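These numbers were taken from a predicted model, which means no experiment stands behind them. In listed order, ligands and their atoms are each counted from 1.
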Amino acid sequence: MTHEAGWAHAPGALRGPGWLREPTDPNALVPSLWSRTAHKVEGDLVVGGMPLADLAAEFNTPAYVLDEDDFRGRARAFRDAFADFDVYYAGKAFLCTEVARWVAEEGLHLDVCSNGELTVALRAGIDPSRIGYHGNNKSVPELRRAVAEGVGRIVVDSSAEIERVGQVAAELLAAGTISAPQGVMVRVTAGVEAHTHEFIATAHEDQKFGFSISNGDAFAAVRQVGGLSGLRLLGLHSHIGSQIFDTAGFEVAARRVLGLHARISSELGVTMPECDLGGGFGIAYTTQDDPSDPAQLATEMTKIVEHECRALGIEEPRLSIEPGRAIVGPAMCTVYTVGTVKPVTLDGGAVRTYVSVDGGMSDNIRTALYDADYSCTLANRHSAAPPVLARVVGKHCEAGDIVVRDEFLPADIAPGDLIAVPGTGAYCRSMSSNYNHALRPPVIAVRDGAARVVIRRETEDDLLATDVGAR
Ligand SMILES: *Cc1c(COP(=O)(O)O)cnc(C)c1O
């Protein structure tokens, strides 16, 4: 029996993973996966008032398209929902000078975790006192620069680093370069590891970040900071993971972190003014994902902290959070041009449709690196063809160079079509590479029908700029 929708639906046809629903209309957008202004007009995907086909014609593909209103809206939503917190945008998710300025304009602080990210932040004119500096292996020159620039908080991650930053700060104080001790937070591991829908609470943490609460290292680190006159201990810092959908992991972590906070207060007589609960709030990449909005998160996290502080009999410290993905992730999509469409017959006779695009793992490594799922849509026309299960792949020399593992696209998808992948704002451009000497795509900000390049496409001259032998 032949399925009414055609060959792709014959018995033995690929259906994809269980969570993937076959759409009745493969042209339709699933709004929860797209930035706020994204919609289709007769098949043309429009973001920020700009048809992606027009952007592709002007700027070529692949290109990241950044919906400015969406980014600002999400930043503001966190700012408003967490009004009693400091909200640090985690710049490692995506950072350029323009976006750093939006972050500041929307009232957020900024986290960096490298010298390069600090450079971008400072070049954007961000007030250094509103910058947090992370990382498990900051060098002495990096620390010296951060302290001299007046970075508000350095999150220390090892005993060696505490010693280094203590010495650097003491020297810069003595030299008059800075006028007050350097604020530091102690990164602790709370024995909670969260990833998407699950979290695991363990006694031991076998990973490079932070000081363990359970084995006493965190307490010892706090004592070490306390003994250094160049440093001012602001509080404890905990970041439990990424792409987290419920607050159960935060609850366990907050209990352990605030427990230590209280112990430090009673045993060392040190009252720390702050406490950072990290980032990691999840977004919807596919219909499997059901993230909470900032207001829900704020309500739950506030309740958890109030409850713990009351139980411990301590005053609530000033809290901070560090969302990265949840602000920039949904704000960006990537637009590609289809180059080839190849039906591949598998054992058993089923056919998988491989759609090759002009980018891939150099502009989005997350599928290969984390087995991440994405979705996509035909972006330049309306199709009357039935849906076919497709795998969107890149142009790199790796079989694992997959952009979208499973998605239904119109069966007449063809070379020259545009495909757009939503949710590519976080950890795509920031993790992009020049693999196969690919030129990294531009980031084009769109708003109210206008487009503005905030990062231009790389050129062959950029590629060769460090190749000393090039002529
Ligand atoms: C990566 C990171 C974040 C941001 O994580 P998201 O999943 O992007 O929200 C926040 N804090 C720290 C310390 C991080 O390393």
Student check: side-chain heavy atoms of Val443 and Met332 closer than 4.5 Å: yes
Is it the case that ligand 1 has an N or O less than 3.5 angstrom from some N or O of Gly280? yes
Out of curiosity, Asp406 CG to Cys376 SG, how far, rounded to the nearest 0.5 Å? 10.0 Å
Would Arg325 count as a polar contact of ligand 1, with the cut-off being nitrogen or oxygen pairs under 3.5 Å? yes
Any N/O of His237 closer than 3.5 Å to an N/O of ligand 1? no
If you scan protein heavy atoms around atom 11 (N) of ligand 1, the nearest is Glu322 OE1, 2.8 Å
Salt bridge (charged side-chain N to carboxylate O under 4.0 Å, His left out) pairs touching residues 443-457, sequence neighbours excluded, are Glu68-Arg447, Glu68-Arg452, Asp69-Arg447, Glu98-Arg452, Arg456-Asp462
Nearest heavy atom to atom 2 (C) of ligand 1 wins, so pick from Arg187, Gln243, Lys92, His134. Lys92
Check: Ser242 N/O within less than 3.5 Å of ligand 1 N/O: yes
Show me which atoms of ligand 1 lie under 4.0 Å from any heavy atom of Gly324. 6 (P), 8 (O), 9 (O)
Winner among Phe209, Tyr427, Tyr89 once heavy atoms are compared against atom 5 (O) of ligand 1: Tyr427
Residues two or more places apart in sequence or in another chain: which of them pass salt bridge (charged side-chain N to carboxylate O under 4.0 Å, His left out) with Glu267? Arg263
Mind checking whether Pro323 has an N or O less than 3.5 Å away from an N or O of ligand 1? no
Is Lys138 salt-bridged to Glu161, cutoff N-O under 4.0 Å? yes
Modelled atom types, side-chain donor and acceptor of Arg144 and Thr177, under 3.5 Å: no
Do the side-chain N and O atoms of Ser35 and Asp70 include a donor-acceptor pair separated by under 3.5 angstrom? no
